[in-house]
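For ligands, and for the atoms within them, numbers begin at 1 and follow the listed sequence.
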Amino acid sequence: MFQIGDITIPNRVVLAPMAGVSNYAFRLTVKEFGAGLVCAEMVNDKGINNKNEKSMNMLYIDEDEMPMSLQIFGGAKDSLVQAAQFVDQYTNASIIDINMGCPAPKVTKCDAGSKWLLDPDKIYRMVSAVVANVDKPVTVKMRSGWDDDHIYALDNARAIEDAGAKGLGLHGRTRLQMYEGSADWDIIKQVKQTVDIPVIGNGDIDSPQVAKQRLDETGVDAIMIGRAALGNPWIIYQVVKYLETGELVTNPSPKEKIDVCLLHMDRLIKLKGEKIAIMEMRKHAAWYLKGLKGNAKVRRKINETETRGNLTDILYSFAEVLEASSKAS
Ligand SMILES: Cc1cc2nc3c(=O)[nH]c(=O)nc-3n(C[C@H](O)[C@H](O)[C@H](O)COP(=O)(O)O)c2cc1C
């Protein structure tokens with residue numbers, strides 16, 4: 001258990017914000033697998049301020065996924081503050097998170113995302129302004145630095161704390177690394193030792209054992225899992241259980257994977273309507289089926305499907321084939 005401002009997070013396992021993935025449908029599914037905190041995909045401050053329909057839909061939150069954190073990004077103070085105030089007043093998000101890690105050029109060229117990593121003074125100014133204008137606790141998610149020559153993680157973490165943020169998430173890669181190489185957990189440990197606010201460590205956690213090792217070695221308050229949870233919310237349950245009891249929970253059966261994939265699909269349909277949801281489910285279904293024998297052929301079929309009925313039929317038939325072949329062997 002740990003605390004972000006007045007919000008109690010019941011365990012030390014956090015779902016990472018992932019654009020195009022961490023919407024209500026995925027978050028609620030992951031929450032049901034025991035995540036202490038789920039984080040929403042980043043939303044553009046201007047999209048919120050202009051009441052852009054897509055951005056507004058991204059603010060949809062379900063009571064059952066609480067506590068949850070909603071992430072915004074932007075490059076200009078007034079605009080970021082305005083968006084934060086909207087989230088503060090008109091959504092039931094538990095926490096407002098500021099993105100300071102996105103490496104995408106379309107974000108950094110607007111002086112947003114990881115661009116701030118070069119300027120602790122700007123971080124202080126921006127985060128203080130947001131904190132001063134909202135009631136909800138504010139956190140920041142950042143990367144270790146811009147590139148190997150510009151790693152200001154300790155200064156940046158101090159600026160975030162001094163500005164009044166109630167926690168920080170740190171992905172141990174530089175902006176230049178994107179997702180290459182491995183995450184640097186040493187810098188995460190140094191940041192934890194530098195500030196008093198809770199630190200959530202992030203990068204390359206893909207098993208219960210690695211999660212425990214990172215927590216033990218760095219002393220971070222929690223760990224955040226991103227890519228390992230794609231099509232695999234079980235990782236969250238496995239990590240939570242291992243941290244609580246030391247027990248290693250077995251992987252789900254193919255049928256269980258398909259059932260959860262379909263549950264995820266129905267939630268996505270509720271959120272986005274059938275057409276868009278099924279298009280988006282193509283990538284999720286591929287993730288859920290990863291590692292299952294014969295999945296390549298099924299994935300090709302899924303990539304042509306446009307309806308709930310069709311996707312359901314394809315997945316159930318595949319489950320039957322897998323079940324029959326496991327009985328035969
Ligand atoms: C598809 C995808 C989308 C992402 N979108 C966001 C985002 O919206 N906001 C953010 O702070 N980080 C985002 N990230 C970064 C993740 O939150 C996380 O820091 C990164 O994947 C490292 O963690 P992992 O090794 O557990 O995947 C994204 C990552 C991926 C793979």
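From the protein, the heavy atom lying nearest to atom 19 (O) of ligand 1 is N202 OD1, 2.5 Å. Of the protein's heavy atoms, Y179 OH, 3.3 Å lies nearest to atom 28 (C) of ligand 1. Scanning the protein heavy atoms around atom 1 (C) of ligand 1, the nearest turns out to be A19 O, 4.0 Å. The protein atom (non-hydrogen) at minimum distance from atom 9 (N) of ligand 1 is Q71 OE1, 2.7 Å. The closest protein non-hydrogen atom to atom 12 (N) of ligand 1 is K141 NZ, 3.0 Å.
Counting non-hydrogen atoms of neighbouring residues, nucleotides and ligands closer than 6.0 angstrom, the OH atom of Y152 exceeds 12 such neighbours.
Residue P17 has at least one N or O atom closer than 3.5 Å to an N or O atom of ligand 1. Of the N or O atoms in V21, none lie within a sub-3.5 Å distance of an N or O in ligand 1. Considering both main-chain and side-chain atoms, G226 comes within under 3.5 Å of ligand 1 through a nitrogen or oxygen pair. Close N/O approach between M42 and ligand 1 is found [any backbone or side-chain N/O within under 3.5 Å]. Considering both main-chain and side-chain atoms, R173 never comes within under 3.5 Å of ligand 1 through any nitrogen or oxygen pair.
A salt bridge links E217 and R214; the closest N-O separation between the charged side-chain nitrogens and carboxylate oxygens is under 4.0 Å.
Counting only N and O atoms by type, the side chains of D45 and Q82 include no donor and acceptor under 3.5 Å apart. Between the side chains of S144 and D184, no donor-acceptor pair is found at a separation under 3.5 Å. Residues D148 and T174 have side chains that never bring a donor and an acceptor to within less than 3.5 angstrom of each other. With 3.5 Å as the limit, one finds a donor-acceptor pair spanning the side chains of Q238 and N251. With 3.5 Å as the limit, one finds a donor-acceptor pair spanning the side chains of D97 and T139.
Which parts of ligand 1 touch A16 is read off a 4.0 Å heavy-atom cut-off, strictly below it: atoms 17 (O). For ligand 1, the atoms lying closer than 4.0 Å to a non-hydrogen atom of R227 are 21 (O), 24 (P), 25 (O), 26 (O), 27 (O), 31 (C). Atoms of ligand 1 found under 4.0 Å from any heavy atom of N99, numbered from 1 in the order shown, are 9 (N), 10 (C), 11 (O). Every atom of ligand 1 with a heavy atom of D204 under 4.0 Å away is listed here by number and element: 24 (P), 25 (O), 26 (O). Counting atoms of ligand 1 from 1 in the listed order, those under 4.0 Å from a heavy atom of G203 are 25 (O).
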When you look at M265 and L315, which way does the side chain to side chain contact (heavy atoms under 4.5 Å, CB included) test go after all the steps? CA-CA 12 Å; M265 172 191 75; L315 290 175; 5.9 Å; no

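With hydrophobic clusters built from ILVMFWY side chains whose heavy atoms lie under 4.5 angstrom apart, I200 does not share a cluster with V138.
In this structure, the separation between OG on S22 and CE on M58 is 10.0 Å, given to the nearest 0.5 Å.
In M18, the parts holding a heavy atom less than 4.0 Å from any atom of ligand 1 are both the side chain and the backbone.
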